[in-house]
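Report on the structure given below.
Lettering follows sequence order; numbering is per chain, from 1. Model, not experiment: these values are computed from the prediction.
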There are 2 protein chains.
Amino acid sequence: MTENSAGQPDTPYSPTNVTLDAGNTLAQAACKALRVDIIRGVRSPGERLRIEKLKTIYNVGPTPLREALQMLAADQLVLAEGNRGFTVAPLDLNEFEDLNRARTAIETAALRLSIADGGTDWEAGVVAASYVLKKEDAALLQANGGVTDAWEQANSAFHTAIVSACGSRWLLRARRGLHDQCERYRRASVYRKRGERDLNAEHQAIAEAALARNVDLACTLTERHFALTASLLSDATSRLEADRKASTG
Amino acid sequence: MTENSAGQPDTPYSPTNVTLDAGNTLAQAACKALRVDIIRGVRSPGERLRIEKLKTIYNVGPTPLREALQMLAADQLVLAEGNRGFTVAPLDLNEFEDLNRARTAIETAALRLSIADGGTDWEAGVVAASYVLKKEDAALLQANGGVTDAWEQANSAFHTAIVSACGSRWLLRARRGLHDQCERYRRASVYRKRGERDLNAEHQAIAEAALARNVDLACTLTERHFALTASLLSDATSRLEADRKASTG
DNA sequence: AATTTCATTTTTCTCGACATTATTTATTTT
DNA sequence: AAAATAAATAATGTCGAGAAAAATGAAATT
């Protein structure tokens with residue numbers, strides 16, 4: 001298997017296989033599988049998504065595939081330029097600044113509402129997710145650089161739990177879209193200076209502030225938390241850009 | 001032409017015709033046309049969107065139509081239930097509370113950022129949009145109930161101008177999606193107690209607070225502005241529900 | 001040598017017909 | 001009347017042909 005400049009395998013995962021659960025179509029199933037693959041980097045940023053190729057990979061006909069790609073294009077995970085086919089939305093670190101600003105704004109807005117409205121069940125959810133994440137944060141210190149699947153899930157679950165009581169599914173939806181995008185950047189990058197960061201401490205502090213109903217502190221900590229991630233990602237700029245150019249073919 | 005219980009024509013507009021400008025496909029063009037029609041109520045909430053019917057209305061084949069509908073489903077303007085076809089997303093006033101909460105949160109978040117970052121060009125944009133809206137607000141007082149096309153455009157342009165300097169296209173995108181949804185509710189409803197409301201005063205106050213860089217005031221006024229609209233929409237609950245049931249067929 | 005023009009090739013998109021599958025409606029049976 | 005079965009209807013998926021657009025490459029021009 002080929003490797004990139006950081007010594008990480010190019011495709012750590014194999015394509016998600018398309019399975020249609022009851023009550024939805026092949027197009028929706030293909031969309032789901034492709035979404036996961038794009039977020040996890042199985043389909044790498046900038047990659048051309050030719051129908052003929054995808055047909056053989058996912059065992060789905062052209063019609064549901066095109067529909068799936070159009071849905072993903074609506075979510076900005078895929079780029080659909082007229083008459084030029086589909087490509088995985090490229091990662092652009094200028095764009096990321098913009099993206100991170102949006103996600104921070106929405107996350108803190110949801111956080112405010114959630115802390116104001118959250119009941120005991122919310123508190124319990126936060127405590128539980130915090131507990132799971134604590135272990136994954138510790139495990140991440142042992143890992144050699146890359147973000148793992150289990151950590152991503154625990155991290156995502158933790159932040160979701162904290163904002164879950166905001167009382168607006170629409171807000172949570174908007175938030176999810178931005179988080180999916182951010183996850184792509186996280187997974188594509190490698191934490192070079194991870195030693196300088198104590199993720200566990202950050203997460204625990206956020207959880208504590210939220211449970212103490214200290215709105216302003218929780219928001220401030222979250223903002224810093226996201227900003228810190230962003231600055232570490234920026235460190236990986238050159239590598240990302242270099243890899244992109246290298247894989248143009 | 002048939003009329004609903006408020007004496008408004010059921011379909012005040014005719015279907016937008018699908019025209020493909022350079023650089024995009026029929027599917028995208030159909031999506032754009034359908035989006036406009038759904039937002040304006042040309043295709044009414046809950047309406048079944050059968051491919052065969054749409055083919056004759058929009059003069060587009062089944063393939064691009066399905067793709068367009070899937071895109072709109074991703075934006076929650078269309079409901080795609082597996083193997084049961086497509087329907088225009090219904091209007092639900094419980095849902096609207098949720099929706100309005102999300103839009104208020106995102107709007108005020110963008111507002112904060114915009115007021116902090118906005119330069120002279122931003123100020124000029126706000127002043128200009130405010131001027132245009134002033135006239136439309138006045139014209140609305142003469143109109144008998146329903147929100148007009150021109151007012152919607154001016155209103156949308158005004159609120160967009162105010163948040164335009166927030167520095168995040170992703171945030172503006174999330175915001176637009178929610179505004180499109182809200183516009184559907186506004187247009188579907190009729191302002192019954194419009195006499196009790198001075199829209200122009202509200203808008204001018206928001207503009208003034210923003211230009212004076214009074215962040216908290218601008219946000220508070222915007223929140224009230226949205227909440228007031230929401231409460232007036234709630235008044236129209238019974239009519240909306242009744243019309244929906246009447247048109248089931 | 002660089003650029004433009006034109007024709008060729010390739011890719012993408014759209015259409016329509018048909019097969020398959022799921023859902024709804026009608027009928028029969030218990 | 002309720003449940004089970006069968007027919008009708010509608011939605012989805014597959015395929016292949018053809019149209020339209022973009023990319024490619026060769027020849028002509030500057």
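No cation-pi contact links Arg48(A) to Phe86(A), judged by a cut-off of 6.0 Å to the six-membered ring centre and 45° from its axis.
When the P atom of dA10(D) is taken as reference, atom NZ of Lys55(B) falls 14 Å away, rounded to whole Å.
Between Glu47(A) and Arg43(A), at least one side-chain N (NZ, or NE/NH1/NH2) sits under 4.0 Å from a carboxylate O, which counts as a salt bridge.
In this structure the side chain of Thr16(A) never reaches within 4.5 angstrom of the side chain of Val42(A), judged on heavy atoms. Taking 4.5 Å as the limit, some side-chain heavy atom of Arg175(A) sits within range of a side-chain heavy atom of Thr160(A).
With sequence neighbours excluded, the residues satisfying side-chain contact (heavy atoms from CB on, under 4.5 Å) with Thr25(A) are Ala27(A), Gln28(A), Asn83(B).
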Legend entry - Contact state string [nucleotides 5-15 of chain C, B base, S sugar-phosphate only, - no protein heavy atom under 4.0 Å]: -------SSSB
